[in-house]
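Shown next, in structure tokens, is the structure this report addresses.
Reminder, nothing fancy here: chain letters follow the sequence lines and each chain counts from 1.
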There are 2 protein chains.
Amino acid sequence: MHQADDITLMRVLAALSDPTRAGLVRILADGVERSWGDLRAPVAKSTLSYHLKLLREAGVTTTRREGTRCFVRLRTAELESRLPGLLPVVLAAAEAEGVGADVQLVHN
Amino acid sequence: MHQADDITLMRVLAALSDPTRAGLVRILADGVERSWGDLRAPVAKSTLSYHLKLLREAGVTTTRREGTRCFVRLRTAELESRLPGLLPVVLAAAEAEGVGADVQLVHN
DNA sequence: AGTGTCGTTCGATGATCCACGAACATCGAA
DNA sequence: TTCGATGTTCGTGGATCATCGAACGACACT
């Protein structure tokens with residue numbers, strides 16, 4: 001549920017203004033759908049869940065369940081249509097600054 | 001003082017993720033230096049001061065004192081050099097969504 | 001000196017945020 | 001069915017945020 005379909009600037013900015021979430025978005029930036037477990041962040045499981053929920057509710061990502069696993073994907077197209085240019089620009093800056101580098105991808 | 005010269009993505013995003021501050025930035029977007037008193041926002045004087053301080057500390061604006069008056073200006077060039085493209089993109093989206101429209105300019 | 005104006009700073013107050021562990025639900029596999 | 005893995009949700013705690021009014025400091029003008 002809670003698949004925010006009114007993507008608002010304020011909420012997206014708020015969602016992106018946290019290093020952990022920025023790191024997650026950075027990883028998802030290639031457009032590939034990732035499993036929860038592939039994302040390694042230096043926070044507790046519940047905290048990761050919290051961040052992913054926040055990103056989802058801000059309309060930045062979508063979640064798909066498959067059995068017990070969940071997959072996250074960046075909503076690149078929707079974001080680009082509602083907030084043109086925002087994501088690329090933020091990603092570039094995050095890359096340049098190394099924001100959220102402690103969030104990593106494991107196993108492929 | 002407190003002229004943050006390490007403009008970081010996270011802090012700028014956090015600074016812009018509030019409607020009042022976004023409205024202020026929108027008004028300053030034309031590059032013209034404005035006086036405190038020219039900015040009319042539906043908040044108390046002290047709250048406005050707080051928001052302007054936050055913008056300043058995030059490196060988004062600069063403040064200049066002249067006698068008892070203060071003038072704010074957007075640090076367009078520095079922002080563009082540190083976070084290329086961010087400000088224009090955010091401003092465009094804010095304009096499109098009407099974010100911070102309750103912040104207005106009075107007396108010229 | 002006395003009076004305003006202007007902006008900052010100081011608590012105080014709710015609200016929200018980020019973090020954690022624990023408990024729970026769900027599903028696949030043994 | 002029992003176990004293990006995977007996410008969610010809950011309760012909590014500490015920090016930060018946004019807001020206000022009140023008090024303060026600095027300056028300009030009579």
Would you tell me if any nitrogen or oxygen in the side chain of [X] comes within less than 4.0 Å of OP1 or OP2 on [N]?
X        : N       : result
His51(A) : dC17(C) : no
Thr47(A) : dC18(C) : no
Trp36(A) : dA5(D)  : no
Arg56(B) : dT8(C)  : yes
Ser49(B) : dG7(C)  : no

- Scan Ser35(A) against the nucleic acid and name what it touches under 4.0 Å (heavy atoms): base, sugar-phosphate only, or nothing.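 Sugar-phosphate: the residue Ser35(A), judged by heavy atoms under 4.0 Å, touches backbone atoms but no base.
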- Message: For a quick check of understanding: with a heavy-atom distance under 4.0 Å over all strands, which category does Leu48(A) fall into, base, sugar-phosphate or nothing?
- Response: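 Answer is nothing: Leu48(A) stays at 4.0 Å or more from every strand.
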State whether the side chain of [X] and the backbone N or O of [Y] hold a donor-acceptor pair below 3.5 Å, judged by distance alone.
X        : Y        : result
Arg73(A) : Thr62(A) : no
Arg26(B) : Val99(B) : yes
Ser49(B) : Ser46(B) : no

Rounded to whole Å, how long is the line connecting atom [atom1] of [X] with atom [atom2] of [N]?
X        : N       : atom1 : atom2 : result
Arg40(A) : dG7(D)  : CZ    : C1'   : 15 Å
Lys45(B) : dA23(D) : NZ    : P     : 13 Å
Arg34(B) : dC6(C)  : CZ    : C1'   : 19 Å
Leu16(A) : dC18(C) : CG    : P     : 12 Å
Leu52(A) : dT8(D)  : CG    : C1'   : 12 Å
Leu54(A) : dC18(C) : CG    : P     : 6 Å
Leu55(B) : dT8(C)  : CG    : P     : 12 Å
Lys53(A) : dT16(C) : NZ    : C1'   : 13 Å

- Item | Most 5' of Gly67(B) and Ser46(B) on DNA chain D, judged by nearest nucleotide |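 Its nearest nucleotide being more 5', the pick is Ser46(B).
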- Closer to the 5' end of DNA chain C via nearest nucleotide, is it Asp18(A) or Thr68(B)?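 That would be Thr68(B).
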- Task: Would you kindly compare Cys70(B) and Arg21(A) by the position of their nearest DNA chain C nucleotide and give the one closer to the 5′ end?
- Result: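 Residue closer to the 5' terminus by nearest nucleotide: Cys70(B).
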- Going by atom types alone, do Arg56(B) and Thr63(B) pair a side-chain donor with an acceptor below 3.5 Å?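 The answer is yes; a qualifying pair exists.
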- Would you mind telling me which of dT8(D), dC20(D), dC18(C) lies closest to the side-chain atoms of Arg65(A)?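 Of the options given, the side chain of Arg65(A) lies nearest dT8(D).
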- Selected nucleotide, minimal atom distance to Tyr50(B) side chain, candidates dT19(D), dC20(D), dT8(D):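 The answer is dT19(D).
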- Message: Looking at Asp102(B) and Arg40(B), is there a salt bridge between them, counting it only when a charged N and a carboxylate O are closer than 4.0 Å?
- Response: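 Not counted as a salt bridge, because no side-chain N and carboxylate O are separated by less than 4.0 Å.
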- Query: With both distances kept under 3.5 Å, what pairs with dG2(C), Watson-Crick or G-U wobble?
  - Reply: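 Check on dG2(C): paired to dC29(D), both distances under 3.5 Å.
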- Task: Check step by step if salt bridge (Lys or Arg N to Asp or Glu O under 4.0 Å) holds for Arg11(A) and Asp6(A).
- Result: CA-CA 10 Å; Arg11(A) 280 203 301 179; Asp6(A) 57 323; 3.3 Å; yes
